[in-house]
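Right, one structure below, let's go through it.
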Amino acid sequence: MITRQLNSKTLHGISNQLSINLRRFHSSKHAHQQLDNNPHRNALPINRLMVSAITAKHPFEALEIFRRHLQFGFLNDIDEVTLAIALKACTGDQTPGRQIHGFAITSGFVSYISVSNSLMNMYCKSGQFDKALCIFNNLNNPDIVSWNTVLSGFEKSDDALSFALRMNLIGVVFDAVTYSTALSFCLDHEGFLFGLQLHSLIVKFGLDSEVYVGNALITMYSRWGRLVEARRVFDEMPNKDSVSWNAILSGYTQDGDYGVEAILALIEMMRKGLRLDHVSFTSAASACGHEKNLELGKQIHGVSIKMGYGTHVSVGNVLMSTYSKCEVTGDANKVFRRMHDRNVISWTTMISMNREDAVSLFKEMRLDGVCPNDVTFIGLIHAISIGNLVKEGRMIHGLCIKTNFLSEPSVCNCLITMYARFESMQDSEKVFDELSCREIISWNALISGYAQNGLSLAAVQAFFGVIKESKPNAYTFGSVLNAVGAAEDISLKHGQRCHSHIIKVGLDSDPIVGSALLDMYGKRGSIFESQRVFNETQEKSEFAWTAIISALARHGDYESVMNQFKEMENKGVRPDSITFLSVLTVCGRNGMIHKGRQLFDSMLKDYHIEPSPDHYSCMVDMLGRVGRLEEAEELVGQIPGGPGLSVLQSLLGACRIHGNVEMGERIADALMKMEPAGSGSYVLMSNLYAEKGDWEMVAILRKGMKSKGVRKEVGFSWADVGDIDGLHGFSSGDNTHPRSEEIYRMAECLGSEMKYLNSKRERAIAL
DNA sequence: CCGGAACGCC
């Protein structure tokens, strides 16, 4: 008995030979009926029919042909190739596959190695690797295809690679398929050494001229971020196919630094007259997305339409994301509405980019019969947390439990962040505690949740939990430093311990960590430490510049802020709205009205940054300090969307300092309407009246406060005395400390010294 | 047996 092996090449050959397209396939249905009535048959016609059905992307039709043959008992129409083809048509759904397996056993076809291999392949593809392995273990003489099939079926790279090792040890000779399959398990960094070994073996046995092997090598090197090696393999390949080109193209796409190369590769492909397919367009458009190059993205969209791929599902998906990244969501939505087929990725993209409609889009998706996956839930939950939709959030949490998506750590991480945004850290903790596998991202989500909710100590404690259990990354440090920076009730020592860990794990050159670190020192008043971290930062990101300027501004050092600002501009780093906030603040604190005004005006004019309410607040404060109250009030009127609390409070404070009762009353009135329970405006107004000697009004205000139930809040602060637990809390008028007498005396001394320095500075400014 | 697309922790 001759064993005929079936592989994709023979399939391809048959389909090419027939060159049957969908239309011909349907017209040949009649031929199929005639075939049934013909007593002299062989397997070739049915095999051809089934192959053409699969080629026309109608595997179900192929299965139907097969099923009907079995039903009518035309068994002499079926050979081992028929079975292999039928098994290839079993995509996803396991039921027909199992039926064919049963038939293969009763009919004896199972003794063909090609049939066994196809069965194994079917089980691998439908997620039943165990069954495939079972068949494999019962094979007397597995051929290389059997080995390769099992190898391709492993889920975890580690298992696959140890299997390949075993193959090698027992003397299985690798072929091109073995190598390309094995290489596909070396894509992450753990596969690095194995991948290199495989490459040298490939060269040793002369298989590097095989196009599949070369393509797999290109992909592997690209995923490692070694584009130079990828390109070398590509250049040395004797035969390149469109997959090779697409592989190098996608390599360039995945690495942010090679966006231009990606686009150049595409142009080269077109110039060489290579056929661009849907994958080429997918990669190329993706490169435009990464580069945020809208113009080129539009051109690629145009070319893809011309070549008939404009509505292809993956091309459409990536075009949507490209347009969304280029902030033209309207165009992105248009692409979606025009697509013929929408898969889970299309819907997920829509949900992620239209956050305000995420919930209704999710419903629409389910009505469309598309099943959500983990990424869908991540996008949806993120949208829900941004929108602060507490009710919907809990509902989706329930849905995740019901659909078993809570077993996905990535979905849980999102839920942790969501509950943190909803200010219910208990729920975050609950999700975290029930996590099957705590990734570093889970820890990061928890820590940043604590930080955002002002639970700085919990954040620090969780950070020490990370150190015990896994390896912190840049995000971890970003969050914990944020917590230490934001809280006065956390000892700076914790911040310093973080700093030492950063150096230990070698993240001190990370731009995000660096700026978080100097920001933390800046917020905690350690300006010298801030400056040192900044100076030691090799690659100064825009975040680092922003952070150092705000640190210096918080310190009130006008000269340094201005110098740093100038230097930043000289280095070609664009200031952002936060930078301006710092610069304006420092101008205000130092009475540099003219400079401040000039910078404020230049924000929109020269930098195209729309001043936010915070910037206006800063200007009002600046003008108010020096008593230019009318100008300040005029500016308040210009705030888009009306003035907020803080602006008015600042202006009222200025009215008090400069004794402007008339304006003060106006402002206080507006404030009390905005915030009836707030004590601030009452206190400021009563101080203002008191300073003017209007005790009658003071009494009226006090009474008003009492009747409305407004209470003056007691201010608290902390002093860090050095040792970790040496934080001392105190409030105004507090004399519970054993050395409070000394403390007050020192405070008085410092106060008078400050007054002296201030008057000296004011004289200097006047000069 | 090789190539592509969506998401989350600063």
Is any side-chain nitrogen or oxygen of [X] closer than 4.0 Å to OP1 or OP2 of [N]?
| X | N | answer |
| --- | --- | --- |
| A/N121 | B/dC1 | yes |
| A/H382 | B/dG8 | yes |
| A/K325 | B/dA5 | no |
| A/Q452 | B/dC9 | no |

Between [options], which nucleotide gets closest to the side-chain atoms of [X]?
| X | options | value |
| --- | --- | --- |
| A/S352 | B/dA5, B/dG8, B/dC7 | B/dC7 |
| A/R421 | B/dC2, B/dC1, B/dC9 | B/dC9 |
| A/I345 | B/dA6, B/dC2, B/dC7 | B/dA6 |
| A/V318 | B/dA6, B/dC2, B/dA5 | B/dA5 |
| A/V243 | B/dA5, B/dG8, B/dC2 | B/dC2 |
| A/S250 | B/dG8, B/dG3, B/dA5 | B/dG3 |
| A/R355 | B/dG8, B/dC9, B/dA5 | B/dG8 |
| A/S242 | B/dA6, B/dG3, B/dG8 | B/dG3 |
| A/N246 | B/dG8, B/dG3, B/dA6 | B/dG3 |
| A/I441 | B/dC2, B/dG3, B/dC9 | B/dC9 |

For [X], answer base if it contacts any base atom (sugar-phosphate contacts may also be present), sugar-phosphate if it contacts only those atoms, and nothing otherwise; contact means non-hydrogen atoms under 4.0 Å.
| X | answer |
| --- | --- |
| A/S448 | sugar-phosphate |
| A/D175 | nothing |
| A/V279 | base |
| A/S410 | base |
| A/T349 | sugar-phosphate |
| A/R223 | sugar-phosphate |
| A/N373 | base |

Suppose we call a contact any N or O donor and acceptor under 3.5 Å apart; does that hold for the side chain of A/T181 and the base of B/dC1?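 Flag unset: no donor-acceptor pair detected.
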
With a 3.5 Å cut-off and just heavy-atom distances, do the side chain of A/D277 and the base of B/dG3 make a donor-acceptor pair?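 Result: at least one qualifying N/O pair found.
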
Using the six-membered ring wherever Trp is involved, compare the ring planes of A/F281 and A/Y309 and label them parallel, tilted or perpendicular (cut-offs 30° and 60°).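 The rings of A/F281 and A/Y309 sit tilted, inter-plane angle from 30° to 60°.
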
Measure from [atom1] on [X] to [atom2] on [N] and round the result to the nearest Å.
| X | N | atom1 | atom2 | result |
| --- | --- | --- | --- | --- |
| A/M220 | B/dC1 | CE | P | 20 Å |
| A/Y221 | B/dC2 | OH | C1' | 16 Å |
| A/Y309 | B/dA5 | OH | P | 17 Å |
| A/F543 | B/dC10 | CZ | P | 12 Å |
| A/M365 | B/dA6 | CE | C1' | 10 Å |
| A/N148 | B/dC1 | CG | C1' | 7 Å |
| A/M167 | B/dC1 | CE | C1' | 12 Å |
| A/D510 | B/dC10 | CG | C1' | 9 Å |

With sequence neighbours excluded, residues passing salt bridge (charged side-chain N to carboxylate O under 4.0 Å, His left out) with A/E327: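 Here no residue qualifies.
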
Would you say that [X] contacts [Y] through its side chain, given a criterion of any heavy-atom pair below 4.5 Å between the two side chains?
| X | Y | answer |
| --- | --- | --- |
| A/M350 | A/R342 | no |
| A/H382 | A/M418 | no |
| A/P372 | A/M365 | yes |

In Å, rounded to the nearest 0.5 Å, how long is the span from OG1 of A/T348 to CG of A/N373?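 Reported to 0.5 Å precision, the distance equals 5.0 Å.
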
Between A/K363 and A/E392, is there a side-chain N and carboxylate O pair less than 4.0 Å apart?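 No, A/K363 and A/E392 are not salt-bridged.
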
